[in-house]
Amino acid sequence: MARLKLSSAIRTTILLANRHACCVCQRSDVQIHHIDNDPSNNALENLAVLCLNHHALASMVVGMTAKLSAGAVCEYKDEWEARCVRDIEALSRARACVYAVLYKNPPRLRQLFIQLSEQQRQRAVSLIAQHMEDEERAKAGNDDYGWQSLPRADDFTTRLLSCIERGDLWPSCLPRVPGHPLDPDYPTDLAPPHGMRAFHGYDLYCQLMTRVLLACLDVVPLEDIAESSTELALGRLGGTLTTFNERVWGRNIPFLFDWRTHPTADLHFRRRKAGKVLHGHMALKTMYIFSTTASLELKNSRLSGTAIVQDVR
């Protein structure tokens with residue numbers, strides 16, 4: 001059987017699906033194994049990620065059978081890939097459920113949100129409602145949780161979720177107030193009687209839209225991208241949703257009221273792994289930095305969040 005070289009796209013897909021770990025023992029020094037031992041069959045269901053030891057066992061035939069049978073490899077593969085999906089979902093929820101939302105990009109959220117189907121929205125809303133109930137129970141004894149600015153298992157969040165389920169870009173349960181000159185849907189008039197309620201309510205709505213997107217779209221944690229080698233098709237990750245928890249440094253971070261003279265800001269991070277250095281850059285629109293305190297925090301802090309990968313090189 002002639003060997004058909006694995007494309008970088010297939011290698012990228014299978015390694016990310018397994019989080020760069022052996023499906024048997026979860027070691028990280030891995031190779032890609034053809035389960036049926038046909039090197040020309042590069043179907044994803046025929047590929048398993050194995051460490052050097054388990055790859056040898058799966059390839060070594062003693063008598064008429066391999067020491068690690070194809071059936072056993074398939075079971076390990078299915079179990080591990082399913083666990084990776086669950087782990088990434090849990091990680092994404094944890095990174096989206098943070099008290100201090102220093103920055104958000106409502107136009108990008110809306111752009112992705114309108115692409116979801118009604119069925120996707122309904123499924124995501126059901127999951128999020130259950131997750132919030134679980135979070136409430138888990139943190140019932142935490143006094144700090146009560147005042148955190150998070151979507152809660154309460155009537156207000158339920159109304160916001162109903163708007164999400166309908167696909168509303170502006171939640172009908174919030175009063176309309178004057179918006180930003182460059183984004184009329186982004187409330188900036190904080191004056192009584194409705195300004196603060198609209199501003200903070202819309203912030204919660206953006207948090208919910210983020211959680212809906214995480215529940216509906218494929219997500220690749222940033223550390224999994226950092227594990228990837230240059231021979232993978234990293235360029236294909238453009239447009240992928242990623243979650244991160246990184247030490248970040250802001251360069252020339254202005255205050256939000258300086259959006260006319262300094263419309264953008266730069267956020268950078270750096271991650272080292274096995275002699276490689278991953279440099280990250282996020283361009284922020286000054287108008288969406290949450291507050292003056294957020295501007296100061298972005299200059300040097302550990303930040304959890306969600307982003308769209310633009311390019312990987």
(request) Report yes or no: do T158 and D155 form a side-chain donor-acceptor pair below 3.5 Å? (result) no

(request) Could you check Y202 against W170 for ring pair (Phe, Tyr, Trp, His ring centres under 6.0 Å), going step by step and ending with a plain yes or no? (result) CA-CA 8 Å; Y202 192 69; W170 175 268; 5.2 Å; yes

(message) Between the side chains of K77 and E81, is the shortest nitrogen-to-carboxylate-oxygen separation below 4.0 Å, so that they form an ion pair?
(response) yes

(request) Could you pull out all residues at least two apart from R86 that satisfy side-chain hydrogen bond (donor to acceptor under 3.5 Å, both in side chains)? (result) none

(request) Using a strict cut-off of less than 4.0 Å between a Lys/Arg side-chain nitrogen and an Asp/Glu carboxylate oxygen, indicate whether R110 and D183 qualify as a salt bridge. (result) yes

(message) Any non-hydrogen side-chain atom of I308 less than 4.5 Å from a side-chain atom of L241?
(response) yes

(request) In plain terms, say whether D185 and R176 are close enough for a salt bridge, that is, a side-chain N and a carboxylate O under 4.0 Å apart. (result) yes

(message) Checking F269 now: which residues fulfil ring-ring contact (aromatic ring centres under 6.0 Å, His included) with it, not counting sequence neighbours?
(response) none

(message) Between R27 and D29, does any NZ, NE, NH1 or NH2 come within less than 4.0 Å of an OD or OE carboxylate oxygen?
(response) no

(message) Let me check something: do L52 and Y76 share a hydrophobic cluster, defined by ILVMFWY side-chain heavy atoms less than 4.5 Å apart, either directly or through other members?
(response) no

Please list every donor-acceptor pair under 3.5 Å in which a side-chain atom of residues 96-109 meets a protein atom from a residue at least two apart or in another chain.
| unit_1 | atom_1 | unit_2 | atom_2 | d |
| --- | --- | --- | --- | --- |
| Y103 | OH | K285 | N | 2.9 |
| K104 | NZ | D203 | OD1 | 2.9 |
| R108 | NH1 | Q111 | OE1 | 2.9 |

(request) Examine the side chains of H281 and D266 and answer whether a donor and an acceptor come within less than 3.5 Å of each other. (result) yes

(message) Measuring only between side-chain heavy atoms, which start at C-beta, is R166 closer than 4.5 Å to R121?
(response) no

(message) Does atom CG (D218) have a neighbourhood of more than 12 heavy atoms from anything else shown, all under 6.0 Å?
(response) no

(message) Taking OH in Y288 as the centre, count heavy atoms belonging to other residues, nucleotides or ligands within less than 6.0 Å. Is the count above 12?
(response) yes

(message) Could you work out, with side-chain hydrogen bond (donor to acceptor under 3.5 Å, both in side chains) as the rule, every residue matching H262, not counting sequence neighbours?
(response) none

(request) Taking the side chain as every heavy atom from C-beta outward, state whether R152 and E136 have any atom pair closer than 4.5 Å. (result) yes

(message) Could you check whether any side-chain N or O of T242 sits under 3.5 Å from a backbone N or O of L222, counting only pairs where one atom can act as donor and the other as acceptor?
(response) yes

(request) Please name all residues satisfying side-chain contact (heavy atoms from CB on, under 4.5 Å) with D78, sequence neighbours left out, ordered by chain then number. (result) none

(request) Can you sort out the partners of R271 under side-chain hydrogen bond (donor to acceptor under 3.5 Å, both in side chains), two or more places apart, ordered by chain and number? (result) E246

